[in-house]
Amino acid sequence: MSNIRAIRGMSDILPDETPTWQYVEAVVRELVASYGYAEIRLPIVEQTDLFKRSIGEVTDIVEKEMYTFNDRNDDSLTLRPEGTAGCVRAAIQNGLLTTPRRLWYAGPMFRYERPQKGRQRQFHQVGVEAFGVSTPDMDAEMILLSARLWQQLGVADGVQLQLNSIGSLSARAAYRQALVEYLQQRREELDEDSQRRLDSNPLRILDSKNPQTQALLDEAPVLSAYLDQESRDDFARVRELLDAAGVAYVENPRLVRGLDYYNKTVFEWVTDRLGAQGTVCAGGRYDGLVEQLGGKSVPAIGFAMGIERLVLLLQASAQEPKPEPTADLYIVSAGEGAQREALAVCEQLRDAFPGLRIVQHTGGGSFKSQFKKADKSGARLALVWGDDEVASGTVTLKALRDESGKQAGQQTVALEQLQQTLRALLADWDIARGSS
RNA sequence: GUGGCCGUAGCUCAUCAGGUAGAGCACCGGAUUGUGACUCCGGAGGUGGCGGGUUCGAGACCCGUCGGCCACCCCA
């Protein structure tokens, strides 16, 4: 019988990587807070209909990528494939749609896709949503917030902002008709996927990667020509605000989104450092979704980022946080009496030095092997208890690392002196750290 | 869902007309009896992803399957 393995596309995030994850999460958390966004925590499972009605029945996500199952009550449930739908549902249900409402969330999402770099079946997103403001200043705020993230993560030189307006529902419908008419004439020249989408989701043909299809589109009607006046004006204002704030962007008239609920401003941050899955953040306006899901008519805008991709981007850009040792103090003790005393004293130390990472040697072994562990732990200092120390009421402090590379020293002090001695050593280290 | 490449110790990899596996790193122990990092010595660890087939004999060849990577697709 073979071992049980993780589900395909659902990977473990190992201790080597969690520091980078925590770093990204911490930066995001502080950033959204600094713009006044409040965290909301949402269920991972929702009624299947929620996603069908929001993302769109004919999208790839709903058609073939959702983890859908019936529960014991025979209700159809789905592991969320994205966060916006659940956030909107929660905002409606809990009366959060007073204006304006700024929310963010993070957590796992599930899509049944073929795994590859930057794409997994369980992946993690941070989502940022703002309800109740229809004016383009909110669009600009969203984009500025995301732009600041790249600055703070040190990857601003690796990402590019692409911007478009897909207009109102009716403008899009008119354009859609014109595009289909044009492409129908040339159906034979389209690639297979695009032919299929001609009937189901023709706007998605715009971002086809097929060169021949892209060439065909050069002569095709353009979306911008079909935009309603309000969308035009708002889009112009968004660009004006971005210009004023010094955020560079590229207008991409073929930028469309794969989820049906978007309108007006849409944007994507893309990078060339991640291979085929280069979209690292994407979003846009979805003014009709709240009403469509049964709420009042409330405009909204939001975006989502894939944390795996952010982590990959940091790695590709050599911007990962430096690995920190997991210990400051390592406690070496030999003999039952020594260990008893060490354990008790360490609890006192934890009271006296909150935040200090004190690792107790467990599992016995010789001094030699214990010191090997102490060294591996990365601790700066070992506290040593042996028979001699217990007999004389002392403890030995041995420095394992020295910033200056000097020979490490060792001293034995009375137990009553331990906290005082430690305090002095820690103060020295802080100074050394501050100056380095 | 489609295609290409790949799957040997914890990790990175090697070996060989096909004759039941090795290195480096990591791990454990030792080098005068209470002290790490360097060095030296020794040790443990693999039903060669899994299941079939060909063969006297397969990790090496064939098929299937699972998994990984990359691309298509999709999208964060």
Side-chain angles (χ1 to χ4, degrees), chain A residues 1-11 14 16 55 59-66 81-84 106-128 146 191-194 196-197 201 204 207-210 255-259 268-271 274-283 302-313 330 332-335 338 361 363 365-390 396-402 405 407-410 412:
Chain A
M1 193 166 70
S2 55
N3 289 332
I4 295 177
R5 302 177 46 92
I7 305 300
R8 182 172 202 192
M10 305 197 181
S11 56
L14 302 176
D16 275 357
I55 298 169
T59 57
D60 287 280
I61 293 178
V62 170
E63 275 185 338
K64 49 194 185 196
E65 295 180 0
M66 294 205 302
E82 60 105 37
T84 300
M109 309 291 164
F110 301 84
R111 276 148 46 179
Y112 191 89
E113 298 184 273
R114 189 84 174 258
Q116 69 178 74
K117 185 175 187 179
R119 188 171 77 182
Q120 264 147 336
R121 290 183 177 179
Q122 173 175 331
F123 62 105
H124 300 78
Q125 280 189 337
V126 172
V128 181
S146 56
D191 61 275
E192 204 177 322
D193 288 313
S194 295
R196 184 171 44 77
R197 285 186 295 213
N201 204 343
R204 298 285 296 145
D207 60 10
S208 165
K209 282 183 188 170
N210 186 293
L255 176 62
V256 291
R257 313 290 356 276
L259 287 65
E268 265 185 37
W269 288 94
V270 297
T271 178
L274 258 45
Q277 307 301 322
T279 300
V280 89
C281 168
F303 67 83
M305 302 179 287
I307 304 181
E308 281 84 355
R309 292 186 187 176
L310 297 184
V311 169
L312 285 171
L313 181 58
Y330 196 95
V332 170
S333 64
H361 180 85
S366 64
F367 273 99
K368 186 186 185 72
S369 64
Q370 292 197 35
F371 273 105
K372 279 188 179 173
K373 304 283 191 194
D375 185 48
K376 289 246 164 51
S377 78
R380 319 190 56 151
L381 188 71
L383 298 192
V384 188
W385 269 274
D387 294 339
D388 296 351
E389 282 83 358
V390 172
T396 297
L397 297 81
K398 175 178 168 114
L400 297 170
R401 267 166 192 58
D402 198 310
Q407 180 62 42
Q410 174 169 331
T412 299

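Chain letters run A, B, ... following the sequence lines, proteins first and then strands; every chain starts at 1.
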Undergrad: How long is the line joining NZ of Lys64(A) and C1' of U2(B), in whole Å?
TA: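 It is 11 Å, rounded to the nearest whole Å.
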
Undergrad: For C5(B) versus U20(B), give the span between their C1' atoms, rounded off to a whole number of Å.
TA: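 Going atom to atom, C1' in each nucleotide, I get 29 Å.
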
Undergrad: Can you check whether any acceptor in the base of G34(B) is under 3.5 Å from a donor in the side chain of Glu389(A), or vice versa?
TA: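 Such a pair exists between side chain and base.
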
Undergrad: Can you measure Leu274(A) atom CG to A71(B) atom C1' for me and round it to whole angstrom units?
TA: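 Rounded to whole Å, this separation is 15 Å.
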
Undergrad: Is Gln116(A) close enough to C70(B) that one of its side-chain N or O atoms is under 4.0 Å from OP1 or OP2 there?
TA: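 Checking Gln116(A) against C70(B): no side-chain N or O falls below 4.0 Å of OP1 or OP2.
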
Undergrad: Roughly, in whole Å, what's the span from CG in Leu397(A) to C1' in U35(B)?
TA: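 Result: 14 Å.
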
Undergrad: Hey, does the Lys NZ or Arg CZ of Lys376(A) hover above the aromatic six-ring of Phe371(A), less than 6.0 Å from the centre and inside 45° of the axis?
TA: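 No; the conditions do not both hold, so Lys376(A) does not lie above the ring face of Phe371(A).
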
Undergrad: Who is the Watson-Crick or G-U wobble partner of U15(B), with both distances under 3.5 Å?
TA: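 By the stated definition (distances under 3.5 Å), nothing pairs with U15(B).
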
Undergrad: Passes salt bridge (Lys or Arg N to Asp or Glu O under 4.0 Å), Glu113(A) versus Arg121(A)? Steps please.
TA: CA-CA 6 Å; Glu113(A) 298 184 273; Arg121(A) 290 183 177 179; over 6 Å; no

Undergrad: Does any nucleotide pair with G34(B) by Watson-Crick or G-U wobble geometry, both distances under 3.5 Å, and what is it?
TA: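 Partner of G34(B): none found under 3.5 Å.
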
Undergrad: Considering only NZ, NE, NH1 and NH2 on the basic side and carboxylate oxygens on the acidic side, decide whether Lys372(A) and Asp375(A) come within less than 4.0 Å.
TA: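 Judged by the 4.0 Å cut-off on N to carboxylate O distance, Lys372(A) and Asp375(A) do not form a salt bridge.
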
Undergrad: Which whole number of Å gives the distance between the C1' atom of A60(B) and that of A17(B)?
TA: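 One C1' to the other, the span is 12 Å.
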
Undergrad: Heavy atoms under 4.0 Å, any strand shown: does Val384(A) hit a base, just sugar-phosphate, or nothing?
TA: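 Base, at least one base atom sits under 4.0 Å.
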
Undergrad: Quick one: label Arg5(A) by what it contacts on the DNA or RNA (base, sugar-phosphate, nothing), any heavy atom closer than 4.0 Å.
TA: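 The answer is sugar-phosphate, as Arg5(A) gets under 4.0 Å only of primed atoms, P, OP1 or OP2.
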
Undergrad: Looking only at atom P, what distance separates G19(B) and C61(B), rounded to whole Å?
TA: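 About 12 Å, rounded to a whole number of Å.
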
Undergrad: So for Lys368(A) and U35(B), does any side-chain atom that can act as donor or acceptor lie under 3.5 Å from a complementary atom in the base?
TA: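 Donor-acceptor pair under 3.5 Å: no.
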
Undergrad: Starting at the 5' end of RNA chain B, which residue's closest nucleotide do you reach first, Glu268(A) or Ser366(A)?
TA: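 By nearest-heavy-atom nucleotide position, the 5'-most residue is Ser366(A).
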
Undergrad: Any idea which heavy atoms bring Arg111(A) and Pro81(A) closest together, and the distance?
TA: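 For Arg111(A) and Pro81(A), the tightest heavy-atom pair comes out as NH1-O, 2.6 Å.
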
Undergrad: If we call it a pair only when both distances are under 3.5 Å in a Watson-Crick or G-U wobble match, what pairs with C25(B)?
TA: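 With both distances under 3.5 Å, C25(B) matches G10(B).
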
Undergrad: Once rounded to the nearest 0.5 Å, what's the spacing between atom CD of Glu65(A) and atom OG1 of Thr59(A)?
TA: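 Between atom CD of Glu65(A) and atom OG1 of Thr59(A) there are 8.0 Å.
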
Undergrad: Could you give the distance separating G52(B) and C16(B) at their C1' atoms, to the nearest angstrom?
TA: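 Here C16(B) and G52(B) have their C1' atoms 24 Å from each other.
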
Undergrad: Using distance alone, with no hydrogens and no angle criterion, decide if Gln120(A) and Ser11(A) have a side-chain donor and acceptor under 3.5 Å apart.
TA: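 Gln120(A) vs Ser11(A): donor-acceptor pair found between side chains.
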
Undergrad: Counting only side-chain N and O atoms of Lys209(A), is one of them less than 4.0 Å from OP1 or OP2 of C72(B)?
TA: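 Yes, Lys209(A) has a side-chain N/O under 4.0 Å of OP1/OP2 on C72(B).
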
Undergrad: Would you say the side chains of Ser146(A) and Trp269(A) form a donor-acceptor pair under 3.5 Å?
TA: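 Distance-only check passes for Ser146(A) and Trp269(A).
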
Undergrad: Looking at Lys372(A), does any N or O in its side chain come under 4.0 Å of the phosphate oxygens OP1/OP2 on C28(B)?
TA: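 No.
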
Undergrad: Consider side chain to side chain contact (heavy atoms under 4.5 Å, CB included). Of Leu397(A), Thr396(A), Val384(A), which one does Gln410(A) pass it with?
TA: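 Exactly one option meets the side chain to side chain contact (heavy atoms under 4.5 Å, CB included) with Gln410(A), and it is Thr396(A).
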
Undergrad: U32(B) P sits how many Å from Phe367(A) CZ, rounded?
TA: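 Atom-to-atom, Phe367(A) to U32(B), this comes out as 17 Å.
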
Undergrad: In whole Å, what is the span from the CG atom of Asp207(A) to the P atom of A76(B)?
TA: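 My rounded result for the distance is 11 Å.
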
Undergrad: Report yes if at least one side-chain N or O of Arg8(A) is closer than 4.0 Å to OP1 or OP2 of G68(B); otherwise report no.
TA: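 Indeed, a polar side-chain atom of Arg8(A) lies that close.
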
Undergrad: Indicate, with a heavy-atom threshold strictly under 4.0 Å, whether Ala334(A) touches base, sugar-phosphate, or nothing.
TA: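 No contact.
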
Undergrad: For nucleotides U8(B) and C13(B), find the distance between their P atoms and express it as a whole number of Å.
TA: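 That atom pair is separated by 9 Å.
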
Undergrad: For Glu63(A), answer base if it contacts any base atom (sugar-phosphate contacts may also be present), sugar-phosphate if it contacts only those atoms, and nothing otherwise; contact means non-hydrogen atoms under 4.0 Å.
TA: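 Touches nothing.
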
Undergrad: Using atom C1' of each nucleotide, how far apart are A14(B) and C73(B) to the nearest Å?
TA: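 Looking at atom C1' only, A14(B) and C73(B) are 37 Å apart.
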
Undergrad: Using a heavy-atom cut-off of 4.0 Å across all strands, would you classify Gly275(A) as base, sugar-phosphate, or nothing?
TA: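 Touches sugar-phosphate only.
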
Undergrad: Mind checking Ile307(A) for me? I need base, sugar-phosphate or nothing, with any heavy atom below 4.0 Å counting as a touch.
TA: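 Answer is nothing: Ile307(A) stays at 4.0 Å or more from every strand.
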
Undergrad: Answer with yes or no whether Gln410(A) presents, from its side chain, a donor or acceptor under 3.5 Å of a partner atom in the base of U35(B).
TA: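 Yes, the side chain and the base share a sub-3.5 Å donor-acceptor pair.
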
Undergrad: Give a yes/no verdict on base stacking between G36(B) and Phe371(A): centres under 5.5 Å, planes within less than 30° of parallel.
TA: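 So no, this residue does not stack on that base, at least one cut-off failing.
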
Undergrad: Leu14(A) CG to C11(B) P: how many Å, rounded?
TA: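 Computing the Leu14(A):CG to C11(B):P distance gives 11 Å.
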
Undergrad: Could you identify the nucleotide paired to G57(B), looking across every strand shown and requiring Watson-Crick or G-U wobble geometry with both distances under 3.5 Å?
TA: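 Across any shown strand, G57(B) pairs with none.
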
Undergrad: What nucleotide among A76(B), G34(B), C27(B) has an atom nearest to a side-chain atom of Lys376(A)?
TA: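 Looking only at side-chain atoms, Lys376(A) lies closest to C27(B).
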
Undergrad: Assign Ala374(A) to base, sugar-phosphate, or nothing according to its heavy-atom contacts below 4.0 angstrom with the strands shown.
TA: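 Contact class for Ala374(A): none.
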
Undergrad: For G51(B), give the paired nucleotide (Watson-Crick: N1-N3 plus N6-O4 or O6-N4; G-U: N1-O2 and O6-N3; both under 3.5 Å), or none.
TA: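 Pair assignment: G51(B) / C63(B).
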
Undergrad: Across all strands shown, which nucleotide pairs with U20(B) by Watson-Crick or G-U wobble geometry, both distances under 3.5 Å?
TA: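 Partner of U20(B): none.
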
Undergrad: Sticking with atom C1', work out how far C6(B) lies from C50(B), rounded to a whole angstrom.
TA: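 One C1' to the other, the span is 16 Å.
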
Undergrad: Go through the N and O atoms of the side chain of Arg114(A) and the base of C69(B), and report whether any donor-acceptor pair is under 3.5 Å.
TA: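 Answer no: no donor N or O sits under 3.5 Å from an acceptor.
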
Undergrad: Give one of base, sugar-phosphate or nothing for Gly9(A), where a contact means two heavy atoms less than 4.0 Å apart.
TA: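 Sugar-phosphate, backbone atoms only, no base.
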
Undergrad: Please state whether the phosphate of C28(B), meaning OP1 or OP2, lies under 4.0 angstrom from any side-chain nitrogen or oxygen of Lys373(A).
TA: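 Checking C28(B) against Lys373(A), a side-chain N or O does come within under 4.0 Å of OP1 or OP2.
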
Undergrad: Return the 5'-most residue of the pair Gln125(A), Lys117(A) with respect to RNA chain B, ranking by each residue's nearest nucleotide.
TA: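 Per heavy-atom nearest nucleotide, the more 5' residue is Lys117(A).
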
Undergrad: What nucleotide among U35(B), C69(B), G36(B) has an atom nearest to a side-chain atom of Pro115(A)?
TA: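 Side chain of Pro115(A) sits closest to C69(B).
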
Undergrad: Any base atoms under 4.0 Å from Glu82(A), or only sugar-phosphate, or nothing? Heavy atoms, all strands.
TA: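 Since no nucleic acid heavy atom lies under 4.0 Å of Glu82(A), the category is nothing.
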
Undergrad: Both distances below 3.5 Å, Watson-Crick or wobble geometry, any strand: find the nucleotide opposite C69(B).
TA: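 Partner of C69(B): G4(B).
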
Undergrad: Using the C1' atoms only, state how far U47(B) lies from G42(B), rounded to an integer number of Å.
TA: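 Straight-line distance between the two C1' atoms is 27 Å.
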
Undergrad: Verify, without hydrogens or angle tests, whether Glu308(A) (side chain) and His124(A) (backbone) share a donor-acceptor contact under 3.5 angstrom.
TA: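 Flag set: sc Glu308(A) to bb His124(A) pair under 3.5 Å.
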
Undergrad: Whole angstrom is fine here: how far is it from CG in Asp60(A) over to C1' in C72(B)?
TA: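 The distance from CG of Asp60(A) to C1' of C72(B) comes to 13 Å, rounded to the nearest Å.
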
